[in-house]
Asker: 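What follows is a single structure, and I will ask about it in a moment.
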There are 2 protein chains.
Amino acid sequence: MANVIDKAACRFKLMASHDAMEVIQGKWRIPIIISVSFGNKRFGEIRKDIADISPKILSQELKALEMNQIISRTLFDSMPVTVEYALTPLGKSLKPLLDEVLKWGLHFRKQVVK
Amino acid sequence: MANVIDKAACRFKLMASHDAMEVIQGKWRIPIIISVSFGNKRFGEIRKDIADISPKILSQELKALEMNQIISRTLFDSMPVTVEYALTPLGKSLKPLLDEVLKWGLHFRKQVVK
DNA sequence: GTAACTAGTTTCCAATAGGTAACTAGTATA
DNA sequence: TATACTAGTTACCTATTGGAAACTAGTTAC
């Protein structure tokens with residue numbers, strides 16, 4: 001590292017990227033956000049979108065995303081009870097990031113071949 | 001999910017984002033990439049940048065990044081032997097993604113207050 | 001009464017990630 | 001001979017993540 005300015009810039013970037021990754025990291029967070037971004041979603045609909053996710057994990061990850069204010073949970077007193085998950089404004093603000101993740105994922109696949 | 005087109009688009013996004021996250025996920029990948037992005041780096045220099053990383057983990061993560069063609073490893077026959085890690089073109093292509101991660105991390109910190 | 005639909009929860013287990021401490025190997029210096 | 005520098009490795013342990021299977025609760029239709 002060349003100098004003190006670089007050192008400070010480096011630590012600053014380390015901190016900001018850590019904050020972001022804490023929210024989107026894990027096997028299921030991004031898949032859930034993508035699924036919900038296609039419109040308001042019910043629990044069972046998200047399960048169908050993301051094959052292989054168990055109800056326990058889905059429930060747990062939805063709670064985490066709700067705590068981080070990425071998605072909202074709305075309960076409807078219909079019969080039977082239904083619940084709708086939707087992106088909050090903060091959740092919607094993830095779009096540019098997710099677009100880059102997507103774009104780079106395709107680039108990587110082209111380059112490294114799988 | 002409204003229709004067949006959405007379903008296909010959703011699955012496509014799920015796949016691409018999964019590929020990208022496989023590469024950058026984990027506690028240390030992004031910190032290492034950021035550190036190396038500040039110029040070619042020796043093993044000990046990266047250790048100093050990222051306080052708390054153990055040599056075992058750094059070695060292991062550098063290997064993984066090298067396998068994914070994100071960084072290159074160059075050995076110099078100096079005395080004592082030195083090694084330089086640098087971003088490959090594929091590694092450098094991560095810049096827009098990392099910039100968005102950073103940007104969103106700052107936005108999140110402002111919104112959610114920590 | 002029984003099955004089915006909604007949205008989960010509970011228990012118990014396996015796999016992966018991460019971490020600590022000590023050690024290795026080659027060379028140079030005091 | 002002892003110490004230090006380079007760049008790691010090794011063994012062992014803990015913590016977090018992820019997962020399968022069964023179960024819960026409220027309501028409706030057959």
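In this text, all values refer to a predicted model and were calculated from it rather than measured experimentally. Residue numbers begin at 1 in each chain, while the letters A, B, ... track the order of the sequences.
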Asker: Considering heavy-atom distances to DNA chain C, does R42(A) or Q25(A) have its closest nucleotide positioned more toward the 5' end?
Answerer: R42(A)
Asker: Roughly how many Å is it from CG in N40(B) to C1' in dA7(D), rounded to a whole number?
Answerer: 17 Å
Asker: Measure CD1/I32(B) against C1'/dA7(D) and give the value in whole Å, please.
Answerer: 15 Å
Asker: By nearest atom, which of the nucleotides dA7(C), dA7(D), dG8(C) is closest to the Y85(A) side chain?
Answerer: dG8(C)
Asker: Less than 4.0 angstrom between a side-chain N/O of S54(A) and OP1 or OP2 of dA20(D), yes or no?
Answerer: no
Asker: Report yes if at least one side-chain N or O of K27(A) is closer than 4.0 Å to OP1 or OP2 of dG19(D); otherwise report no.
Answerer: yes
Asker: OP1, OP2 of dT9(D) versus side-chain N and O of K63(B): anything below 4.0 Å?
Answerer: yes
Asker: Can you tell whether the side chains of E84(A) and R42(A) come within less than 4.0 Å, N to carboxylate O?
Answerer: no
Asker: For dT16(C), which nucleotide in any strand shown is its Watson-Crick or wobble partner with both distances under 3.5 Å?
Answerer: dA15(D)
Asker: Do the side chains of D99(A) and K103(A) get close enough for a salt bridge, i.e. N-O under 4.0 angstrom?
Answerer: no
Asker: Measure from the side chain of V83(B), starting at C-beta and using heavy atoms only, and say which of dA7(C), dA7(D), dG19(C) lies closest.
Answerer: dA7(D)
Asker: Base, sugar-phosphate, or nothing: which does R47(B) touch, judged by heavy atoms less than 4.0 Å apart?
Answerer: nothing
Asker: Counting just side-chain N and O atoms, does S59(B) come under 4.0 Å of either OP1 or OP2 of dT9(D)?
Answerer: yes
Asker: Do D49(A) and K41(A) pass the salt bridge (Lys or Arg N to Asp or Glu O under 4.0 Å) test, and can you show the C-alpha distance, the side-chain angles, and the key distance before you say yes or no?
Answerer: CA-CA 10 Å; D49(A) 269 4; K41(A) 292 285 172 142; 3.1 Å; yes
Asker: Picking from dA7(D), dC5(D), dG26(D), which would you name as closest to the side chain of P80(B)?
Answerer: dC5(D)
Asker: How close or far is atom P of dG18(C) from atom CG of L58(B), stated in whole angstroms?
Answerer: 13 Å
Asker: Have a look at F76(A) and say if it touches a base, only the backbone sugar-phosphate, or nothing, with a 4.0 Å heavy-atom cut-off.
Answerer: nothing
Asker: Take atom CD of Q60(B) and atom P of dC12(D), then tell me their distance rounded to the nearest Å.
Answerer: 18 Å
Asker: Can you tell me the pairing partner of dC23(C) across any strand shown, Watson-Crick or G-U wobble, with both distances under 3.5 angstrom?
Answerer: dG8(D)
Asker: Where the side chain of I57(B) is defined as all heavy atoms beyond and including C-beta, which of dG18(C), dA7(C), dC5(D) is the nearest nucleotide?
Answerer: dG18(C)
Asker: What's the verdict on side-chain contact (heavy atoms from CB on, under 4.5 Å) for Q69(A) and Q111(B), showing C-alpha distance, side-chain angles and the deciding distance?
Answerer: CA-CA 9 Å; Q69(A) 302 172 36; Q111(B) 296 279 310; 6.0 Å; no
Asker: Which nucleotide sits closest to the side chain of P55(B): dG8(D), dA7(D), dG8(C)?
Answerer: dG8(D)
Asker: Roughly, in whole Å, what's the span from CD1 in I53(B) to C1' in dA21(C)?
Answerer: 17 Å
Asker: Round to the nearest Å and state the distance from L62(B) atom CG to dA7(D) atom C1'.
Answerer: 11 Å
Asker: Taking only N and O in the side chain of R29(B), is any of them less than 4.0 Å away from OP1 or OP2 of dG18(C)?
Answerer: no
Asker: Between W28(B) and dA17(C), is there a contact of a side-chain N or O with OP1 or OP2 at under 4.0 Å?
Answerer: no
Asker: Return the value, rounded to whole Å, for the distance between atom NZ of K56(A) and atom P of dA20(D).
Answerer: 10 Å
Asker: Would one find more than 12 heavy atoms of other residues, nucleotides or ligands at under 6.0 Å from atom CZ of F76(B)?
Answerer: yes
Asker: Take atom CE in M67(B); do more than 12 heavy atoms of anything else shown fall under 6.0 Å from it?
Answerer: no
Asker: Atom CG of D77(B) to atom P of dA7(D): distance rounded to whole Å?
Answerer: 13 Å
